[in-house]
Amino acid sequence: MIPTPEVSWIAIAPDLVLAIGAAAVLLVEVQWKPPARILGYVTAATLVMAIVLSGLQWALAGDAVATGNQGTLLAFSNMITMDGLAIFARFALLVATGLGLLAGWRFVEGLGRRGAECLALVLLATTGFSIMVASNNLVMMFLGLEVGSIALYVLAGMTKERAESDEAAIKYFLLGSFASALFIYGVALIYAGTGLFGILDIRRFFSAFLVTSPAVIYIGTGLVIAGLGFKISAAPFHSWAPDVYQGAPAGIVGYMAAVAKIAGFVAISRVLLVALGDLDATWLPVVAGVAALSMLVGAILALVQGDVRRMLAYSGVAHAGFIMTGVVGGATDGVLFYLAIYSIQLVGAFAVVAVVSGFGGARSSIDDYRGLARRSPGLAACFTVLLLGMAGLPLTSGFVAKFGVFSDAWANEYQWLVVVAVLASVIAFAFYVRLIVVMYMEAGEGEQLAVRGPVRWVLGLAVLATVVWGIFPASLLDLAADALPL
Amino acid sequence: MVAASWYMGLAAALFMIGALGMLLRRNALVMFMCIELMLNAVNLTLISAGRVLNDINGQVAVFFILVVAAAEVVVGLAIIVAIFRRRATASVDELSELRG
Amino acid sequence: MLTALILLPVVAAVIVALVPSRRREMHLSLGVALSVAPLALAGYLFSAFEPAAGYQFVERAVWYQPWGISWYLGVDGISLPMILLTALLVPIALGASSAITVRTKEFVVYTLLLEAGLIGSFLALDLFLFFVFFEVILVPMYFIIGIWGGERRIYAAVKFFIYTAFGSALLLAAIIALAFNYASQFGAPSFALDDLMNLDLSAGVELWLFVAFALAFAIKVPLFPLHTWLPDAHVEAPTAGSVLLAGVLLKLGTYGLLRFNLGLFPETSVDAVQIMGIVAVIGIIYGAVVAIVQPDLKRLVAYSSVSHLGFIVLGTFALTSGSLQGAMIQNVNHGLTTGALFLLVGMIYERRHTKQISDFGGLQKVMPLFAGFFLFMAFASIGLPGLNGFVGEFLVLIGSYATLPALTVFAAVGVVLAAIYLLWAYERVFTGVPDKEDNLGLKDLSVREIALLSPLAVLVVILGLYPAVLLDKITPSTEAVLDRIEATTSYVVPAPGRISDVLMAGPTE
Amino acid sequence: MIDLLWLVIALPLAGAIFLHFFGRSLKGSLSGWLASAAIGGALVVAFVAAIPFFEGGESGTVVFLWDWMPAIGASLEILWDPLAALMALVVTGVGTLIHVFAIGYMHGDQRFSRFFTYLNLFAASMLTLVLAGNYAMLFLGWELVGLCSYLLIGFWHTRPSAAAAAKKALVVNRIGDLGLMVALMLIFTTFGTLSYSGVFERAGAELSTGLATAIGLLILLGAAGKSAQIPLYVWLPDAMEGPTPVSALIHAATMVTAGVYVIARSATIYQLSPVAQITVATIGAFTAIWAASIAIAQRDIKRVLAYSTVSQLGYMFLAVGTTAYVAGIFHLMTNAFFKALLFLGAGSVIHAMSGEQDMHKMGGLFKKMPTTAVTMGIATLAIAGIPPLAGFWSKDEILASVYARGGWFSFLWILGLVTALITAFYMTRQWVLVFLGERRWDQDKHPHESPRVMTLPLIALAALSVVGGLVNTPYFARLEQFLEPSFELVDMQQPPEGELLALVLAGLAVLAAVGGIAAGFLSYRRPRERWLDFEQGFGPLWGAWEGAYRVDDLYGVALVAPGKRAAELTAFGFDLKVIDGAVNGVANVVRSAGDWARTLQTGFVRNYGVMFLGGALIVVIWLVAGSS
Amino acid sequence: MVEAVLFVMMALSALAGAVTVVVARNTVYSAMGLLATLFSVAVLYVVQLAHLVAAVQVIVYAGAVMTLFLFVIMLIGVDLSEDLDEHLPRQRLWVGGLAGLVVALAAIVTLSGEFVWVPAATAQTNPESTNGTVQAVAVPLFTEWVLAFEATALLLTIAAAGAIALAHFRRVRV
């Protein structure tokens, strides 16, 4: 007499595929101990299929929106949605995963037999985050978050050869679970305040009733912001990022950073813009504050780093601030566009770092980059483009992204934040430029670095994305504009 | 019956003890237990809230948190063991090469 | 056609990039040859340009509708001379770069891309587009200074980049604000200049926007006290870099002030006349005074730029026909004369590997041709009548007096100081008996170098004696600027500020 | 002929351009002859074009060339009226002679053709100045002649002194030009045009006295710069560093008179401002006596002439200040004759003495170079003002007019009279020291009469100095009628009426001249020791004169040095330290902020925890506080 | 009444346990403290009719998890009892500050007067609706929460794979 649960396969198809893929990798490994290449193909096939299915979802979502029955986009009794936001984010996640694995492929190979676990963990992490971005329920979101995070903790400690890797892992793990605890406590308090876990339910709740004494809800909100702020490494919740980025294996860091940011920001957008959209009067200033702090802290600290990965980590903090500006802007499309192109650039940049300072290495001193332009011009050129892209120089997608979030924030009456943002981006210029100086203007000795293997593809695609979407952003912008939350 | 606020106050207290303990102890294991404390506080909160809300979902959610806690424990302890193997210590203070 | 004008240098850059790096000697010559194409096109543009107000050869293509940005190009009397100047200086700058022996290919590529960016920013009628070009220019210039510069090149390059980027950051915020205001007034956002001109902004908003724009452009110009990046950049930059920097890059600032500050914020501009005038005059005097005692020739010329550009800003904000025309002419003049001076300094540097005035002396005996050109350009820059510098300064001074009498008199002092610093430098470098033996062996200008300088010299004389060639094309546009200001504000150009008054005022022939 | 008038400017200009590019390839002195031909041609054109004016009545026409700066009503146009014509004739006439002279003088200089390039360029510029139809074009010529004088003073550029003198000349002139420039601004803003016709027609109606005074004084500043009047005369003596023909042409005959010309040209404006008039006259008178007194004690033959030039220019200013414009222009003309003659003569002497310029090392040259001696003698008498030579008539007319103006001018008249006496004295001193007495030159010198090409101009000029004055005598005021049309808008100061008074004044002038000559002759026609004692007799006064009252040093201490120090302070103190320091300071602040923030990133996970929890709590508190 | 007594007792023991976790020098004591807390909390669950949850709490936590903890403690040395004095500069200061912040927060919410833990609470609680019997919990767990339930599978997979990945191949010593 237990009613049968409502099941919608298409809603979870990509996640299902990813999970199965992960399992498949492990089983194949156990069964046949094939060369890493084979596992790679399995993974690739998984990702491709997931992307295809997401495309299918996109089409369906489009129809649903067109025909006006968005209700069909909710599945598993409103546990999960299939809205544009989720699908776009999932696209970004899958692309980042693909590029990340390509970039880190040599690292995966280097792991030998443990490569299978690495691949499986990557796929599972992606699954988790893809659930997280699609979830329409805070507990569901928490589950996705944990699936993804735990996988990342493990990945951070993947290389056994180095002490830094352990340190990164334990730091990431302890702080991460701490953050998760805060997050879920926040969820609990919101539940206490509303009696609801469902995001849309909460939205309806707030548009329906006026809560007389909402303090508990705001405490919950604060804790949720903190918990997610950890994932996106927004100041003051960023302190783990540089250490982890530096300690974790170079091959995979780009992926870790990218997916965490994507999922975290989509989650934040859901919680703040969708669930608590009606309370924005209260949380906007706080989020704006966090954004401003992140931009400044990130930019200023990146300025004084001697290690490229730490620098990129702090620049990531700054970028978290910029994207947060988009959240303050109150629109998801700016955020999504920024996330999409930034994650690609990030993976690309870390791919370069991996090439220059070894796929497992922890140290990536800025000195390794002296005269890179002479040693391997192509690599230097790609890196330069990516750096300029992150710096947000016009004609790169980075500029379009920044412009988008800034104008959103301005339109939402947060002019001061925009001014802070532009100033922060000037400071940011300084350290990106510093790297370019080192590569192009300082004579450096050192062997010729040949870029081999799939990394070339990653760099090529990243640069392409940076330039093409910088000059003709319309295509991606339109997609992002269509990718609305329910 | 005892008002839910008592339960939740207790939960909050536990949560804060856990959180502060996390910052006070440098033994990874203990820090870890503190996290467990915090999660328990969350569970208590959910259940008490669910009770006065006449909503069973509170209890359902607790299950998931339990599972998460378990999974975290497994991975966390694995990491701790791995580190201990390398340096024969569980003190996180000695893991501070990465900084700046 | 304008699009072609922007794309030609890009194509040229690509072609050069395709030449294998080994063929070093080929890159430069190829670059020069290819950069003549834009010049030719610009020349055609100049001849085809109707001396009338309003934009011509307008091209418009939507870029991204929801944001209201578009590829929107057009040329008028204000941008026309700039484009011509750019197209002219690039081949000359490239031709003067024979000293670039390392990574020549990249150098040529960067220079050509720089040209594209410069032309683009002068042609852009869409503020978003303008900003894109305005900002993109930094990169090639940054590389040119940073890779092929002198000892402290990196410091200079970074300083240049960050300093100007700071300016443009504010500009970006202001542009967003404009578009947003437009959206709130007309529904959809737009960055098109002519659209934004219809905005009616509250005084406060307009003031802030004006400040943001002015700051951005003041850094580019540069105006005192935001000028300190200039000498460093100039001293360290290679010859071509200095030529383009002084010749065109700085003009972006004055151009922006004239085009955008006067165009978009007439009210505030009118209120700001006094302040901008004061700043400009301080710049004039200050730059000149500092130039007097500079021990380094290039630094001296750099500071003289600060002084000269002060005249342009003064003329721009004096808001009379004469002063505006003068400012425009002076834009071109400064590009020609200072560009030529940097060329000359570069030539002597190539021979002697020093720019210190004290290292020279008696050069006129050793290299009379060089001395002759230097003296000629020096006098052009001092503002000797019959040469172009005079026309600009004289128009600015006479024109500005109507609105800013006291300041203009001070500005005139700058003319005296100019004579002092340039002639004193000339005296120390060229006259006397050549005593230092390193100087005795110096070769006089080669045919190539003469070929580079001569066109500039010819233009200097033509503009000096028959400025009508430019004025005829410029005047309608500058008049239009004044008309608009008079129409939109309570400001009235005091007689005889307008040409109409002058023509009325009786027999000029 | 009028429509060919542009040739007057174009011919020398063409000459200059041609010589500039092809001069070096011309053999021998050919380029010299070409240059002379060019300016000679200009002379012919000017003369023919001037013929209508000789009939009189013709008031002048404007020849429009092309638009220059329409926005400020400045086009290139020639105003051809008697005044312009006279100036053009003087410039071209004297110019031609000096060109010819220079052919001999510069013979053998390796930059021979370049020299004539500059001379021609100068002629063109000067003609632009005098033929200009509006102030802008006048300014054009005004600056160009400055340029040429710069080039020619510094012609021997390997001499540091020459280079310094050149720069000094240009800079000092620029200071004057500043005045002229501002004057032009005022004129434009008042009338909306810069063309003479426009300005003068409406000046009477639209110009307030105050404005007129302002403009007048500013123009005076410019004129004082060009014409070496107090306080800007210091550049002229140094300008003697240039080759002597240059001194003759530019720094005696033509360029330096531009100041007088521009004041005369602007008569209509001075008309409205007595203050300006008096200032001009006073400056002139004082300059005259000041320079004359310095000239007494100079040893350098050219410096004597230089100061005498300054002093004569003072006369002209006195004249135009008294609004005796014709007298002023008249003296300008006569002075052009005999001063050019004196310089050329001096040049001839220097040439003969192979570069020696110290009069103490000369003497007894009469026999060696009679032509020079005689012609210079004539010039001396002329400048001293012995009737019926040219100087007498012009100087007499000036003094008479000044006297007639009365009031303060009577005092100026006395100054003028004294100056006349001094002038006669030092000119005589010079002539005697050079040509009479025992030979004091060293053995290696072999003085000889200069070649024909140099003496012929001397003779011609001597002739002019003799008869030149006759064009305007109280009995036969031809020049007056000639110039009448140019000054029809102004009422000029005339010499006093009445035979007797005129005769008395003239007598006084002659007396002064004779007295001066006598004194000079008696005191220097003696053996060396005697006149040296005589000079010592003046005590410190003589030293002061010889050192030109140390004005140069004064300027150096009072203006140049402090200015330089101020500039250095600004450049290396303020600009580098303060302003650039601030810029780098900002950068450092950001950087150090970063360094400080790094210390928060301790690497201890528990510190991170604190940061994290703290942040979370702040966010929470902010939210809760913000909500209520 | 009974509930009140139980609450007080259990609350006290829970807090005591929690404090023990934090202050005990020996890890084992900490573990015991945690155990105490878990049990008392479990009791509080029962009090609130969350029977199943309570059971799971005892089994999973007190059983599995704590055992695991103890294993690890054994592994890395029982006898190691660390000194509690702080090595990090100012760490305790900071923590104190944080405690202060918490107090401040508490102060704000209480002083603001209308702080309610469960503002949406229904006036009349209906014990039946939250009587956490197996069935009562199972029905939603396997219907509307089924997806979440499945997702936990991923967690466990990761835990397994992760543990292997981390603890595996320890022969390579660096």
Side-chain angles (χ1 to χ4, degrees), chain A residues 167 170-175 178-179 182-183 185-186 189 211 213-227 229-230 234-243 279 281-287 289-290 293 296-297 299-306 310 314 423 426-427 430-431, chain D residues 69-72 563-628:
Chain A
E167 180 175 345
I170 190 79
K171 280 180 173 171
Y172 197 11
F173 173 76
L174 284 174
L175 288 170
F178 192 57
L182 289 184
F183 174 83
Y185 189 51
L189 292 182
V211 184
S213 54
V216 66
I217 295 167
Y218 287 120
I219 299 176
T221 313
L223 293 173
V224 168
I225 292 178
F230 174 90
F237 315 116
H238 67 284
S239 34
W240 60 277
D243 296 4
L279 306 181
T282 309
W283 58 257
L284 266 180
V286 181
V287 175
V290 173
L293 187 66
L296 293 175
V297 167
I300 291 177
L301 270 162
L303 199 56
V304 292
Q305 295 304 320
R310 293 192 81 82
Y314 281 113
L423 293 182
V426 174
I427 304 177
F431 56 79
Chain D
M69 295 179 271
I72 54 172
K564 193 151 176 294
R565 202 172 307 110
E568 275 159 354
L569 277 179
T570 332
F572 306 124
F574 185 65
D575 194 60
L576 236 50
K577 298 232 163 39
V578 180
I579 295 190
D580 206 18
V583 174
N584 295 330
V586 174
N588 295 336
V589 166
V590 175
R591 187 160 279 285
S592 46
D595 287 325
W596 173 79
R598 278 188 85 159
T599 58
L600 296 184
Q601 190 79 6
T602 54
F604 291 106
V605 67
R606 298 189 293 139
N607 290 144
Y608 299 173
V610 170
M611 213 182 295
F612 190 105
L613 190 56
L617 283 170
I618 290 170
V619 167
V620 167
I621 291 175
W622 189 352
L623 275 170
V624 173
S627 68
S628 53

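In this text, all values refer to a predicted model and were calculated from it rather than measured experimentally. Chain naming here is simple, since letters A, B, ... match the order of the sequence lines and numbering starts at 1 in each.
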For A/I300 and D/V590, the nearest pair of non-hydrogen atoms, with its separation, is CG2-O, 3.7 Å
When the 4.5 angstrom heavy-atom criterion is applied to A/P285 and chain D, the contacting part is both
Ranked by heavy-atom pairs below 4.5 Å to chain A, first place among D/L617, D/V619, D/I618, D/I621 goes to D/V619
Of A/T282, A/I170, A/I217, A/L174, the largest count of non-hydrogen pairs under 4.5 angstrom with chain D goes to A/T282
_Between D/Q601 and A/L301, does the side-chain contact (heavy atoms from CB on, under 4.5 Å) criterion hold? Intermediate values first, please._
CA-CA 10 Å; D/Q601 190 79 6; A/L301 270 162; 5.7 Å; no
Bottom line for A/F178: the part with an atom under 4.5 Å from chain D's heavy atoms is side chain
Student check: side-chain heavy atoms of D/F574 and D/I579 closer than 4.5 Å: yes
Applying a strict 4.5 Å limit to non-hydrogen atoms, the region of A/A179 in contact with chain D is both
So, the part of A/L182 with a heavy atom under 4.5 Å from chain D: the answer is side chain
Honestly, the part of A/F230 sitting under 4.5 Å from a heavy atom of chain D is both
Closest heavy-atom pair, A/D243 versus A/R310, reported as atoms and distance to 0.1 Å, is OD1-NH2, 2.8 Å
Honestly, the part of A/E167 sitting under 4.5 Å from a heavy atom of chain D is side chain
For the aromatic rings, using the six-membered ring if either is Trp, is the centroid distance between A/W240 and D/Y608 under 6.0 Å? no
So, the part of A/I427 with a heavy atom under 4.5 Å from chain D: the answer is side chain
Bottom line for A/V287: the part with an atom under 4.5 Å from chain D's heavy atoms is neither
Here the pair of heavy atoms bringing D/K577 nearest to D/F572 is NZ-O, 3.4 Å
Tightest non-hydrogen contact, residues A/L223 and A/L189, listed as CD1-CD1, 4.0 Å
